[in-house]
Amino acid sequence: AQASEQYLPSLVYRTGPFAPSGIGFADGFADYVTLINERDGGINGVRIRLEECETAYANDRGVECYERLKDRGNGATVVAPLSTGITYAVIPRSRRDGIVLSTMGYGRADAAYGRVLDNVFMVPTTYWSSMTATLDYIAEQEGGWENMRGKDIVHAFHDSAYGREPLGVLRHYAEEYGFTLHEMAISPPGVEQRSVWQQIRRIQPDWVSLYGWGVMNPTAIRTAASMGIPRDRIIGGIYAAQDDAVLPAGSAAEGYKAVTFHGPGADYPIYDELQQYVYDAGLAAGDGDLMGTIAYNRGLINAGYIIEAWRQAQAEFGEGRPVTREETLWAWQQLKIDEDRVAELGMDGLMPTVDITCENHEGDGRVMVQQWDGENWNQLTDWLDTNRELVEGMYRDSAMRYAQEEGITPRSCD
Amino acid sequence: MMFFFEVLIGGLMSGIMYALVALGFVLIFKASGVFNFAQAAMVLFAAMFMAGMYGDWGVPYWLAIPITILLMIGLAWVIERFVLRHLVNQEPIIMFMATIGIFFAIIGFAEIIWGSRSRTLDVGLPDDMLFIGDMLFQQYDIVTALMVAVLVVLLMIFAQKTRMGRVLRAVADDHQAAQSVGIKLSTVWVVVWSVAGVVAVVAGIVWGGSLGVQPVMVDVAFKALPVLLLGGLTSIHGAIIAGLIIGAGEALAEVYLGPIIGGGIDNWFAYIIAMAFMVWRPEGLFGEKIIERI
Amino acid sequence: MAEQASAQQAEEALLSLNNIEVVYNHVVLVLKGVSLEVAPGSIVALLGGNGAGKSTTLKAISGLLTGERGEITRGNIHYNGENVTHLTAADRVQRGVLHVMEGRRVFEHLTVDENLQVGSYGRKDGAAAIQKDMEMVYDYFPRLRERRKSVAGYTSGGEQQMLAMGRAMMARPRMILLDEPSMGLAPQLVEEIFNIVTTLRREEGVTFLVAEQNTNVALRNADYGYILENGRIVMYGDAAQLRENPDVKEFYLGVSSGEGKKSFRNVKHYKRRKRWLS
Amino acid sequence: MIYRESGQFKKTYEADQAILPLRTDQIFMVGVLLVAFLVIPMVASNYVMNALLLPFLIYALAAIGLNLLVGYCGQISLGTGGFMAVGAFAAWNLATRTELPMPVIFLLAGLITAGTGVLFGLPALRIKGFYLAVTTLAAQFFLIWLLQRPWFNNYSPTGVISAPTVDMFGWTVDSVTDRYYLALIILVIMALIAKNIVRSSTGRKWMAIRDMDVAAEIIGIRPMATKLKAFAVSSFFIGIAGVLWGFLYLGQLEAEAFNIYVSFDVLFMIIIGGLGSILGSIIGAAFVVLVPIFLNVVPSAIGLPLGTAMISYVEIFIFGVLIIFFLIVEPHGIARLWSIVKQKLRLWPFPY
Amino acid sequence: MAANAADVTSRARSSEVLLKVEDVELRFGGVRALRGVSFEVRRGEIFSIIGPNGAGKSSMLNCINGFYHPTSGTITYKGQPRKAMRPYVTASQGVARTFQNIALFKGMSTLDNIMTGRHLKTKATLLENAFWFGRAKREEMEHRKFCEEIIDFLNLQHVRKTAVGTLPYGLQKRVELGRALAAEPELLLLDEPMAGMNLEEKQDMARFILDVNDEFGMTICLIEHDMGVVMDLSDSIVVLDHGEMIGQGTPEEVSNDPKVIEAYLGVQEEGEA
Ligand SMILES: Nc1ncnc2c1ncn2[C@@H]1O[C@H](COP(=O)(O)OP(=O)(O)OP(=O)(O)O)[C@@H](O)[C@H]1O
Ligand SMILES: Nc1ncnc2c1ncn2[C@@H]1O[C@H](COP(=O)(O)OP(=O)(O)OP(=O)(O)O)[C@@H](O)[C@H]1O
Ligand SMILES: [Mg+2]
Ligand SMILES: [Mg+2]
């Protein structure tokens, strides 16, 4: 039986400091795979064998997991490392092994430029793209870019590279449109932020961009609330968009906004099927109360992309058998999931479309703004377009520099 | 100027919250000469039980809190019975290491029961803004400060007005000699760990209320440690005073120094304050003098 | 033969050790079958050279071995008719056995006063009685009274020794195990300590087991003596009798037959010890 | 009497002073080295070498370094993670900003870490015991903060940087086996150096300071110089371990990854293995690296139907219990346990 | 022992004053541990300090070797008056000592403890030690040889490799003496070296002390409560009480001094050990 199974390693962090975000993702990821196995009997009859490995969000344990799982079953073909640190550690390894890395929003942003790292995919967005869309949204709220001049925008960030990552985009826009950017670093883990928010309060900012992670998010929201900073003027970045950012903050979080690369809630056809084939069958990975949370939805769509890529590989190379690493890589390199396909998957409005080309390993990077009303996330905007010209230039510059450092010859895409 | 005071007062308030965690360390250090790394885990453990019982089992807080306190006493007993008792008269570093073992064991245990998801813990402490003149205060802080004040007074009575204080210091000085005069180490330790457990419950309520209950709560310990150092490892009131100093120093530095050197500096700044101070006074502000004789 | 003797007297003795074997760290066998007994109200001296196992014997009795990773692997200890071999140290103190350990072991960070108060930890007879006993201790050791507010860690070696002794007296025990009480004390104080011992025995019926290097004083004040060598009892008997034993005289009292006391300057070069047994 | 020392008379002090005076031990050690150098690369799977042995070797090096400071010199440090990071980032910056050959870079990175260690060791003259332990956290937090400043990662947008390939005297250390060999060779050499230091006058001075610093000073040992030397040497080792961690094992560097928990891990290693024992550091590293993985793998291997999360919780729990268990059985670590076993074997079949 | 004591010019008790203590006063808060103590120690003699408990004897030694610093007064060593200096400097000038409360390095073996005493004589650098070449190895062997002689001399062969922490008290005292001797000091300070020893052991110890004094001309400053020992060994004695010097002189002079008898000796019981 094993030979006809498609092996899927799943690096998860159900423990450790960031477990609250990790659990939802891992559950969604696993439940989607179960759904495919139960409802369809796998991909064209090829069942997927999922194996989890706990990384606790630590780089060394991530590497150990990668090494342990990569040759299990009939061989791993794709891995989602779920952490920027682990991604960096497994990039050289995965290149050597020919395994695809699917990094959703985290990892090397410049991997979005497909000519350098041919096996790493930033589907569906990056911090950079999402920040351009966020600023667009802000400008729109202010009534157009012309009104942005003289505005105060605070970027309150996890004092680490993660939090600093969108600064390039922010500074670029600040210069171009004449708003004042205030960079406020918050030292991780961020259990006490009073003095930062006192400063922010003094600035009386028009908007606050929050790039927190883990416990920093709820604390930031709570502290902001206690200082009277309007929550609907705070927009969380894609990893500050978490249910665990708002739930512990309680009523303080009402009105908090965040950008995400997927739709909110559980109101999609796929959830009915999950209920039917997974939950009611008692096959759910977790307690079942995380359905519709942001982390869970991310797990679902990450698994969705992976399985769609396999499906497309089978279509190309022969259905009804597990695909190889080369075949999987090929499939990712031209992965296309259009609106119709998304709808067929039952994820219309939940999953963004994907269109990978040789050069573009991100897609169009679209995101949407959601708002927490105290109970649920509500969609505020439709998919927002991103500033492709700006970010693609940035990807290219950064990737080419990396290629030079590493002695990689960028492949030709013509 | 107004802003300065606001930051200052905010810092003092955070300092009180740190001191609350530091208190737990102080108690156990007083009673065994050991730096109890597991204190942070005890805070998490208590918070997880309170939040878990309320969230998963629907136990109301007025019941969940006393149950948790009983649980902490049970925990103290287990720790004494299975760990401390076997390490009598060992070097402090060995006992310190054992407390790290306890740290993992209790976190693992709590997670086996409650998992590592984040939970909310809201026992109903008031949480509104409060303006005094132009200055902004939080009710939560004021309530917390009051709770801590009461706790400290009680602890000081426990440690100073009763015979217990002397006995604790004797035990910390020399386990074996304490045994030789008939002090039951097991009783002393169970009592002290239980009291530290109760402090952990209070810290759990306060910190859990502001952070939510999640594994990262143990990191609060790293904010409490400089407070502990500065106050002196053995001093209850030292913890409070040092908490105020560190809290204020850290907040002011964050606001006035942070932007200059680029970044959130409060993680290490408190340590630097404590360290600089200790080069001058190696036992902290109110710590027991280190005896150097030959 | 020691065993036989102990079996006979087992009923009368307050404390009896029966063929005790002690091992440190699971490998070092230190006591190789020690049997001894102490009659109620008596003063028994435990003599022997360095490393003979005197301190180990006392720790076995008071239950303080566990902290040193030692254990009693054979034999048993009876106190007041009860088998106490496996009781905790605190339980034994409660039953009235108090151990004044070798090397002073005062609570360094506590003042002299506080040390004495901690000594009265187990007592239930009220603050007044405790206060009275403190005065008694200070009467015995006026030097301590002068230093009563000082931190014990900063007192001199002899002061600490007095403090350790005084602390033990504060517990009002039935039996005191003294480990080298005379160490580091000025000559008159050595006498004083043994005066206290005899007084306490006389007036309060306290029983003493004293490990002492100062054989002369010890045997003069004791009723009975055991000599320990290499983890075994090699000789025992009435104190007076031991004092007359030629070997004891030569090796412990320094009076070899006939010559009287020798000057330290004239002692022959590194005389190799003669041992009874090993 | 399986383990005998009788019949092995040493005719010179030199022979007695040797690292392994006993024939039995010498044969054993040669055996271990043969296995490590010849057998393991042949039989061990990629996974074992890559994910178990490499981190083990590197952690062992760090543990030896920390043991020099804590176990030999008695200065408890919780800054190991920070110092590893200094080594790693120093090497990375040297490698990217200069044209120096790799061996020189390694050495310099070690020296830079040593310098940093000395700096943070300065308070040790006044501050002692747990107070010192907590102050070393200042190093931990400050260094990690500092290394997160963009300059140190050459303005990498993610803050994570990829390590360059190591090239040692024309040997491109690329395959797993190569990396294993390099780590092993460095460990063996450094362990030997550590052993030499601790059996020399330097080591004795450290131990004297550890056991009683006032007395040490009175017999003429300069406390400051001696402690700082320990900080320097220890940090040198730890710095090199940091370089290997980034360059050989992970292939990437990220300051946050060298967090306080790394420091604790290394501290576990030396305490579980044995304070004041080079061999203990290595055993301890094996314990701390391998046991969690073992605990993690066992339930699924024996078919226990536990979820990943539950396995991790149980793993954490059991790990804690094991630490306690080992401390109770032998507070001086597995190395001491081993020597007690040897003593027992010497007496065998008699119990004492 | 090696005849490395060549710098000791005269083996006979010379008239050269090695150590001169003038009017030393030592205060700890309200406690006056020493009040104006003055005496001289001549090179090559055995000098004793006696007095009741808490008289300030140990404090005096601590002042001499720089662990305490006199509040006032001067200490002149080898003709050089000195003020506050750290103990390791004193040690490097040839002062070694033993302690009342044993201060051995408990985790180290007997041999290692004694070897630490030699460290002032080691020149090998860290690098040499690390690679075990050059002076490192050579010196190690020389010192080892020297220490083995001390071990022989003190009869410690059987515990050479034992950790000193578990040794019985008396042996620890001997190891401590060994460690002090290993430094080949000019001035050896001994703080109650015979406490906790039985007569036989004291006799051995007395022998050691006389031997190092005779053979190497080491000057010895001794604190001891056993009057038999003090009177037999000392060339001169000072008596302290409550920090004050109440008597000074040869053993006969001191033992007949009524003030001394009253404060310390009590009614002389001859034959008392
Ligand atoms: N903790 C220990 N671990 C191992 N061996 C020990 C330990 N404590 C004591 N010993 C050994 O036990 C033996 C007896 O020691 P003990 O202290 O009982 O002797 P003692 O008769 O009291 O000697 P002294 O008169 O010098 O105090 C010694 O050989 C000593 O080395
Ligand atoms: N560091 C210190 N702080 C405070 N008091 C001290 C200190 N050192 C010594 N003293 C006090 O000074 C006095 C002299 O102490 P010292 O140790 O010199 O006595 P000693 O003559 O050696 O007595 P013993 O024979 O008991 O050892 C004592 O009363 C002691 O308490
Ligand atoms: Mg003894
Ligand atoms: Mg003294």
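Each chain gets a letter, A, B and so on, in the order the sequences are listed, and its residues count up from 1. All values below were derived from every heavy atom in this structure, side-chain atoms included, with hydrogens, water molecules and symmetry-related copies excluded.
Residue with the most contacts toward chain B among A:Thr223, A:Val215, A:Ile186: A:Val215 (heavy-atom pairs, distance under 4.5 Å). Chain B forms the most heavy-atom pairs under 4.5 Å with one residue out of A:Ser251, A:Gly190, A:Ser195, and that residue is A:Ser195. When B:Val255, B:Thr120, B:Val216 are compared by the number of non-hydrogen pairs under 4.5 Å with chain A, B:Val255 comes out ahead. Of the listed residues (B:Gly115, B:Pro259, B:Pro215), the greatest number of heavy-atom pairs within a distance under 4.5 Å of chain A belongs to B:Pro215. Counting heavy-atom pairs closer than 4.5 Å to chain B, the top-ranked of the candidates A:Gly250, A:Gly228, A:Gly286, A:Pro248 is A:Pro248. Comparing B:Asp141, B:Val213, B:Ile107 by heavy-atom pairs within less than 4.5 Å of chain A, the highest count is held by B:Asp141.
Shown here is B:Phe5, whose CZ atom has no more than 12 heavy atoms of other residues, nucleotides or ligands within 6.0 Å.
Residue A:Leu82 holds its CG atom at 8.0 Å from CE of A:Met104, rounded to the nearest 0.5 Å. Rounding to the nearest 0.5 angstrom, the gap separating the CZ atom in A:Phe157 from the CE atom in A:Met184 is 9.0 Å. Rounding to the nearest 0.5 angstrom, the gap separating the CZ atom in B:Arg117 from the CG atom in A:Leu247 is 9.5 Å. Here A:Leu290 contributes atom CG and A:Asp244 contributes atom CG; the two are 8.5 Å apart, rounded to the nearest 0.5 Å. For the atom pair A:Thr34 OG1 and A:Asp27 CG, the distance stands at 10.0 Å (nearest 0.5 Å).
Looking at B:Phe222, there are no atoms closer than 4.5 Å to chain A (heavy atoms on both sides), in backbone or side chain. Using a 4.5 Å cut-off between heavy atoms, A:Arg222 contacts chain B through its side chain alone, with no backbone atom that close. Using a 4.5 Å cut-off between heavy atoms, A:Asp243 does not touch chain B at all. Heavy atoms of A:Met227 lying under 4.5 Å from chain B belong to its backbone as well as its side chain. The contact between B:Asp219 and chain A is made entirely by side chain atoms (from C-beta outward), counting heavy-atom distances below 4.5 Å. Using a 4.5 Å cut-off between heavy atoms, A:Arg164 makes no contact with chain B at all. For A:Ala249, no part lies near chain B; criterion is any non-hydrogen pair under 4.5 Å.
For an aromatic pair to be called close, the ring centres must be under 6.0 Å apart, and A:Tyr127 with A:Tyr162 satisfies this.
By the 4.5 Å heavy-atom criterion applied to side chains, B:Arg119 and B:Trp114 are counted as neighbours. Using a 4.5 Å cut-off on side-chain heavy atoms (C-beta onward), B:Ile102 and B:Ile106 make contact. With a 4.5 Å cut-off on side-chain heavy atoms, B:Gln214 and A:Pro218 count as touching. At a threshold of 4.5 Å between non-hydrogen side-chain atoms, the residues A:Tyr296 and A:Tyr32 do not count as touching. Residues A:Thr219 and A:Val191 fail the side-chain proximity criterion, which asks for heavy atoms closer than 4.5 Å. Counting only heavy atoms from C-beta outward, the side chains of A:Arg14 and A:Glu52 approach each other to under 4.5 Å. Between A:Arg231 and A:Trp372, every side-chain heavy-atom pair lies at or beyond the 4.5 Å cut-off.
Side-chain contact, A:Thr15 with A:Glu54: a donor N or O sits under 3.5 Å from an acceptor N or O. With 3.5 Å as the limit, one finds no donor-acceptor pair spanning the side chains of A:Asp159 and A:Ser187. The closest side-chain donor-acceptor pair between A:Tyr239 and A:Asn217, if any, does not fall under 3.5 angstrom.
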Criterion side chain to side chain contact (heavy atoms under 4.5 Å, CB included) on B:Thr144 and B:Met147, from CA distance to verdict: CA-CA 5 Å; B:Thr144 313; B:Met147 274 165 56; 5.6 Å; no
Dump the intermediate steps for side chain to side chain contact (heavy atoms under 4.5 Å, CB included) on A:Arg171 and A:Glu183, then the final yes or no. CA-CA 10 Å; A:Arg171 288 177 188 156; A:Glu183 299 171 12; 2.8 Å; yes
Could you check A:Val12 against A:Thr55 for side chain to side chain contact (heavy atoms under 4.5 Å, CB included), going step by step and ending with a plain yes or no? CA-CA 6 Å; A:Val12 299; A:Thr55 67; over 6 Å; no
Please report the C-alpha distance between A:Trp197 and A:Ile229 in whole Å, then the side-chain angles of each, then the deciding distance to 0.1 Å, and finally whether the side chain to side chain contact (heavy atoms under 4.5 Å, CB included) criterion is met. CA-CA 9 Å; A:Trp197 291 94; A:Ile229 294 168; 3.6 Å; yes
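Against chain A, the residues from residues 7-16 of chain B that qualify, each with a non-hydrogen atom under 4.5 angstrom away, are B:Val7, B:Gly10, B:Met13, B:Ser14 in number order. Within residues 204-211 of chain B, the residues having any heavy atom closer than 4.5 Å to a heavy atom of chain A are B:Trp207, B:Gly209, B:Ser210, B:Leu211, listed by residue number. Interface with chain B: from residues 202-214 of chain A, residues A:Arg202 qualify, criterion being any non-hydrogen pair under 4.5 Å. Proximity to chain A at a heavy-atom threshold of 4.5 Å picks out nothing from residues 35-63 of chain B.
Checked for salt-bridge contact, B:Glu6 and A:Arg201 meet the test: a charged N lies under 4.0 Å from a carboxylate O.
For A:Gln193 (side chain) and A:Met216 (main-chain N/O), a donor-acceptor pair under 3.5 Å exists by modelled atom type.
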